[in-house]
Number of protein chains: 2
Amino acid sequence: MNERMDTLVDPMEAAAGEAAELLKSLGNPGRLRILCALVPGDKTVGELEAATGASQSYVSGQLLRLRAEGLVACDREGRSMRYRLSDPRVRPLLERIYELFCPDM
Amino acid sequence: MNERMDTLVDPMEAAAGEAAELLKSLGNPGRLRILCALVPGDKTVGELEAATGASQSYVSGQLLRLRAEGLVACDREGRSMRYRLSDPRVRPLLERIYELFCPDM
DNA sequence: CAAATACATTTTGATATTCCAATATTGAAA
DNA sequence: TTTCAATATTGGAATATCAAAATGTATTTG
């Protein structure tokens, strides 16, 4: 395998790495539900707890991870934190996932 | 949280679980590249090794996993095994991933 | 049958993830 | 400033994943 071959394979390698990173974040039911809950609009941590049925520390922890990855962002709002989707690639991906897995919801 | 609430949350829960399972499979660069390599058409293990640059045992191992999850299927062809995508949800998902991560390939 | 080719499987050690429980922090209100 | 409500963080145990290495199995060819 020579270098011309490597440079040929490389861009795919990079794209696959990036894509896999994002897909891995979506590849957990809890995180997926949190992100889905944010599609219709921004929500506070408490609202996300209610929407997903998960515990406070779980939701907060996953939000922290999603924030570190740039998938969500937040602003303080009184004593609450309001989260929103912040990666432009998440919404179109979630749309297709909706089509495939939630055909009638 | 009463039972009416549970039955209300349940379908989402189930869909999220299914979707997350599939996304987790795509959430690994090696597997993602294998699946992408199968989009244009079926391939043997050897062809997939060449297409992805990964080792034989790695490719074969991932194919085994993907097969167990129903994402790919295979038929023997002489001394080779020809693999193909077998889950109808994979191709549309990969298409969108292409659009998002490989805008010019 | 023997050798070669193409895959499959198992093992292993390292690392990562998951999720809960407990505790800490922060901001607003009293 | 004390207190409460909302969110953040940490610790830990169980489990899962990753990828390489070594070995095993099936199929064709000579």
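Note that CG of L66(B) is 6.0 Å distant from OG of S25(B), once rounded to the nearest 0.5 Å. The CG atom of L32(B) lies 10.5 Å from the CD atom of E13(A); values are rounded to the nearest 0.5 Å. To the nearest 0.5 angstrom, L63(B) atom CG is 7.5 Å from L38(B) atom CG. A distance of 5.0 Å separates CG in L85(B) from CZ in R91(B), rounded to the nearest 0.5 Å.
Qualifying side-chain contact (heavy atoms from CB on, under 4.5 Å) partners for Q62(A), counting only residues two or more places apart in sequence or in other chains: R31(A), I34(A), Y58(A), R65(A). Taking the salt bridge (charged side-chain N to carboxylate O under 4.0 Å, His left out) definition, one finds that E18(B) meets it with R89(B), sequence neighbours left out.
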Would you tabulate the nitrogen or oxygen pairs shorter than 3.5 Å linking the protein to nucleotides 20-22 of chain C?
{"unit_1": "dA21(C)", "atom_1": "N6", "unit_2": "S57(A)", "atom_2": "OG", "d": "3.4"}

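Within a heavy-atom distance below 4.0 Å of DNA chain D, the residues of residues 72-84 of chain A found are R79(A), S80(A), M81(A), Y83(A). Near-neighbour residues of DNA chain D inside residues 18-32 of chain A, defined by a heavy atom below 4.0 Å, are absent.
Rounded to whole angstrom, the span from the CD atom of E69(A) across to the C1' atom of dT17(C) amounts to 12 Å. As a whole-Å value, the separation of L66(B) CG from dC7(C) P is 16 Å. Distance, Q62(B) CD to dA8(C) P: 13 Å, rounded to whole Å.
Smallest separation of non-hydrogen atoms from G70(A) and S86(A): O-OG, 2.8 Å. Scanning all heavy atoms of the two residues, the minimum distance from P29(B) to A20(A) falls at N-CB, 3.5 Å. Of all heavy-atom pairs between I97(A) and A19(B), the closest is CG2-CB, 3.9 Å. Nearest heavy-atom pair, A37(B) versus L48(B), reported as atom, atom and distance to 0.1 Å: CB-CD2, 3.8 Å.
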For side-chain contact (heavy atoms from CB on, under 4.5 Å), just list the numbers for E95(A) and R96(B), CA-CA rounded to whole Å, side-chain angles, deciding distance to a tenth of an Å, and then say yes or no.
CA-CA 10 Å; E95(A) 276 167 13; R96(B) 179 128 312 170; 3.9 Å; yes
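Within the 4.0 angstrom heavy-atom criterion, no nucleotide atom of any strand lies near L63(A).
A heavy-atom distance below 4.5 Å is not found between the side chains of L26(A) and L26(B).
Salt bridge status for E21(A) with K24(A): absent, with no side-chain N to carboxylate O gap under 4.0 Å.
Along DNA chain D, the stretch of nucleotides lying under 4.0 Å from any heavy atom of chain B spans, 5' to 3', dT17(D) to dT29(D).
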